[in-house]
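The structure under discussion appears below in the form of structure tokens.
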Number of protein chains: 2
Amino acid sequence: MNFSGPQFLAETCQACTIRNRAICADLDPQEITLLNSIGRQRELVAGEHLLWEGDEAVLVGNVVEGMLKLSSGTSDGREQIVGLVYPSDFIGRPFGATTPYGAEALTDAKVCVFQRKDFDAFAQEHPRLEHKLLERTLTELDRTRRWMVLLGRMDAEQKLASLLLEFDDRLGASLRANTETETFELPIGRQQIADVLGLTIETISRQFSRMKKAGVVALPSRREVTILDRPTLKSLAG
Amino acid sequence: MNFSGPQFLAETCQACTIRNRAICADLDPQEITLLNSIGRQRELVAGEHLLWEGDEAVLVGNVVEGMLKLSSGTSDGREQIVGLVYPSDFIGRPFGATTPYGAEALTDAKVCVFQRKDFDAFAQEHPRLEHKLLERTLTELDRTRRWMVLLGRMDAEQKLASLLLEFDDRLGASLRANTETETFELPIGRQQIADVLGLTIETISRQFSRMKKAGVVALPSRREVTILDRPTLKSLAG
DNA sequence: CGTCTAGTTGAATTCCGTCAAAGCGGGTGG
DNA sequence: CCACCCGCTTTGACGGAATTCAACTAGACG
């Protein structure tokens, strides 16, 4: 089955939920059609890899739905998550030989993918696209550097509080059960929270328990968090 | 005194030592002249700030000589260095409202600076420049993410060993006393090494002492390091 | 020669990691 | 429908690595 015909995908693009937030925003209809002709939608199930660390960089894309993690392994087999990728975020390494980190779906996900060399060529000829990509990359670099402060200078409590606030912010309306409550669904399990924050699963668990006992959050289920006392949570985040 | 006349700077650019490594490489003579007309050279003494964290982003530039650090402070007054900037590296935050971290000269330095809005406008009209900047930003993002693995998952010994190897690599010929020895000059003091690695000055000092005692490095002076046993140092870095 | 800053070293403490065991919950098969 | 199982999470006890606090030392500079 081949979905890469311009016709089919042009329609997909029109209906695309991230159409005006992703890097393809601002392209004119003709450019969109052209971009369509080189890309295709790909569905990932939770746990499926899109990119493997160290592989040749063959794919780039845009996340349409779901969440992915970017991660890098250490020599002793542990892992550090170096980025979380949300809908409308760009993924992959254009203009480079190898992918310096793996990308794995955390939830079922939908990604609009391109062969890197097709994308590179297209980008070179469409400065507006490159400009969007540049802005996005600069923003991502800022975010990554803020994260470095977290990894380098914060204790376990500050790290977890910060992450919960970030989830609450970035998942926003999309994954929140409804707009009235302060409850949201965690996109990742305890082990991966640990891998994001540079801690162990036991430390995460203990910090959750402490926050629960202190009445700052409630944990209706393993994958849900309710913020009971936002000001305190913010102060814990430092 | 005004150095911003096209004439003067056009000549400066021709003689620029980083001319073919920085983002201005690949521009044609006409573009260079134009770029000159909006930029100027600025000399910094060690310790001088080029950008303040949180300030409005007014400046961007290229480092010509010397080294700078990018850093972000924590609420309790400690600091995390989020990037080291070497000659030919780009510095500052184009297309953004505020500078998310401070930039301070570690050594006396020479920087080719532009008003951000002038640079933004120029970049928008010169896709080749934006492309260079994009490549550079992508590379910087990769480097930053590798650093996250270091901050999140390595112990003090691995962190310091990794940093020494990076210095040895990146300072290369430029700051190395001479090409035959394994000695190089540290661009930063103990406190700032600690701020790079997310550790304290005491821990850095102890790790240096351990490596010295183990015969892996020698420390001819506070600011010099000699690598005596590179294979072991590499294995310490993990 | 004294002062000042940067770095080193030591002792006590704290936080987090490690190891181990038990608890929970969702799914499957009897 | 229930019992069992498996993976994930929680909790506890302990040890170790890094921080903290504090005293001391080495150079640099007047």
Side-chain angles (χ1 to χ4, degrees), chain A residues 45-47 69 74-80 106-107 149-164 185-214 217-225 236 238, chain B residues 46-47 69 74-80 106-107 149-164 185-214 217-225 236-238:
Chain A
V45 298
K69 67 172 182 183
T74 60
S75 50
D76 59 338
R78 293 178 308 167
E79 144 172 351
Q80 175 67 48
L106 293 170
T107 62
V149 177
L150 193 120
L151 286 175
R153 289 297 182 208
M154 297 196 169
D155 66 20
E157 184 173 60
Q158 292 176 306
K159 285 179 176 180
L160 183 57
S162 301
L163 187 66
L164 293 181
E185 189 183 344
L186 287 173
I188 55 181
R190 300 287 187 272
Q191 179 59 57
Q192 291 183 333
I193 293 177
D195 291 338
V196 169
L197 300 178
L199 296 167
T200 59
I201 184 172
E202 294 94 330
T203 300
I204 301 301
S205 184
R206 277 186 254 271
Q207 291 300 330
F208 264 126
S209 299
R210 286 189 49 183
M211 287 186 189
K212 191 169 75 175
K213 190 150 40 178
V217 300
L219 306 169
S221 80
R222 291 176 171 187
R223 283 301 181 103
E224 286 173 305
V225 175
L236 291 182
Chain B
K69 67 172 182 182
T74 60
S75 49
D76 59 338
R78 293 177 308 165
E79 144 171 352
Q80 175 66 48
L106 293 169
T107 62
V149 177
L150 193 119
L151 286 175
R153 289 297 182 207
M154 297 197 169
D155 66 21
E157 185 172 60
Q158 293 176 306
K159 286 179 177 180
L160 183 56
S162 300
L163 186 66
L164 292 181
E185 189 182 344
L186 287 173
I188 55 182
R190 300 288 188 271
Q191 180 58 58
Q192 291 184 333
I193 292 177
D195 292 337
V196 169
L197 300 177
L199 296 167
T200 60
I201 184 173
E202 293 95 330
T203 300
I204 300 301
S205 183
R206 278 185 252 272
Q207 291 300 331
F208 264 126
S209 299
R210 285 188 50 183
M211 287 185 189
K212 192 169 74 174
K213 190 149 41 176
V217 300
L219 306 169
S221 79
R222 293 176 169 188
R223 283 298 183 107
E224 286 174 303
V225 175
L236 290 181

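What you see is a predicted model; the values in this text were computed from it and never measured. Chain letters run A, B, ... following the sequence lines, proteins first, then strands; residues in each count from 1.
- Under 4.0 angstrom from either OP1 or OP2 of D:dT19 there lies at least one side-chain N or O belonging to B:Thr200.
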Problem - B:Met211 vs B:Leu164, side-chain contact (heavy atoms from CB on, under 4.5 Å): CA-CA, chis, key distance, verdict - result: CA-CA 11 Å; B:Met211 287 185 189; B:Leu164 292 181; 4.1 Å; yes

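- Going from atom CD of B:Gln191 over to atom P of D:dT19 covers 11 Å, rounded to whole Å.
- With hydrogens and angles left out, the side-chain atoms of B:Glu224 and B:Ser221 include a donor and acceptor closer than 3.5 Å.
- Regarding A:Leu219, its CG atom lies at a distance of 12 Å from the P atom of D:dT9, rounded to whole Å.
- A:Leu151 places a side-chain heavy atom less than 4.5 Å from the side chain of A:Gln80.
- When rounded to the nearest whole Å, the span between CG of B:Asp76 and C1' of D:dT20 equals 13 Å.
- Of the listed nucleotides (D:dA18, D:dT10, D:dT20), D:dT10 has the atom at the smallest distance from the side chain of A:Arg190.
- In this structure, B:Ile204 places its CD1 atom 8 Å from P of D:dT19, rounding to the nearest Å.
- With the nearest nucleotide of DNA chain D identified for both A:Phe208 and A:Arg153, A:Phe208 has the one nearer the 5' end.
- Nearer to the 5' terminus of DNA chain D, by closest-nucleotide assignment, is the contact made by A:Glu202 (compared with the other of B:Arg210 and A:Glu202).
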Write down the protein N/O and nucleotide N/O pairs, taken from nucleotides 25-30 of chain D, whose separation is under 3.5 Å; answer none if there are no such pairs.
residue : atom : partner  : partner atom : Å
D:dA26  : N3   : B:Arg222 : NH2          : 3.3

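- If you take CD of B:Glu157 and P of D:dG16, they are 16 Å apart, rounded to a whole angstrom.
- Within 4.0 Å of A:Ser221, counting heavy atoms only, lies no atom of the nucleic acid at all.
- Rounded to an integer number of Å, the gap from CG of A:Asp155 to P of D:dT19 is 12 Å.
- The side chain of B:Arg206 sits closest to D:dT19 out of D:dT10, D:dT19, D:dG12.
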Exercise for the section: Run the numbers on B:Gln191 and B:Asp195 for side-chain contact (heavy atoms from CB on, under 4.5 Å), then give the verdict. Expected result: CA-CA 6 Å; B:Gln191 180 58 58; B:Asp195 292 337; 3.2 Å; yes

Exercise for the section: Show the numbers, then the answer: is there a side-chain contact (heavy atoms from CB on, under 4.5 Å) between A:Leu186 and A:Ile193? Expected result: CA-CA 9 Å; A:Leu186 287 173; A:Ile193 293 177; 4.2 Å; yes

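- One can place NZ of B:Lys159 at 15 Å from P of D:dA17, the figure rounded to the nearest angstrom.
- By the 4.5 Å heavy-atom criterion applied to side chains, B:Leu150 and B:Gln158 are not counted as neighbours.
- Note: CD1 (A:Ile193) to C1' (D:dC8) measures 12 Å, nearest angstrom.
- Using a 4.0 Å cut-off between a side-chain N of Lys or Arg and a carboxylate O of Asp or Glu, B:Glu79 and B:Lys69 qualify as a salt bridge.
- Here the straight-line distance linking atom CD1 of B:Ile204 with atom CG of B:Leu199 works out to 4.5 Å at 0.5 Å rounding.
- No salt bridge links A:Arg153 with B:Asp76; every basic N to acidic carboxylate O contact stays at or beyond 4.0 Å.
- Between A:Arg206 and A:Glu157 there is no salt bridge, since no side-chain N of the basic residue sits under 4.0 Å from a carboxylate O of the acidic one.
- When DNA chain C is scanned in the 5' to 3' direction for atoms under 4.0 Å from non-hydrogen atoms of chain B, the outermost contacting nucleotides are C:dA6 to C:dA11.
- Close to D:dT19, at under 4.0 Å from its OP1 or OP2, lies a side-chain N or O of B:Thr203.
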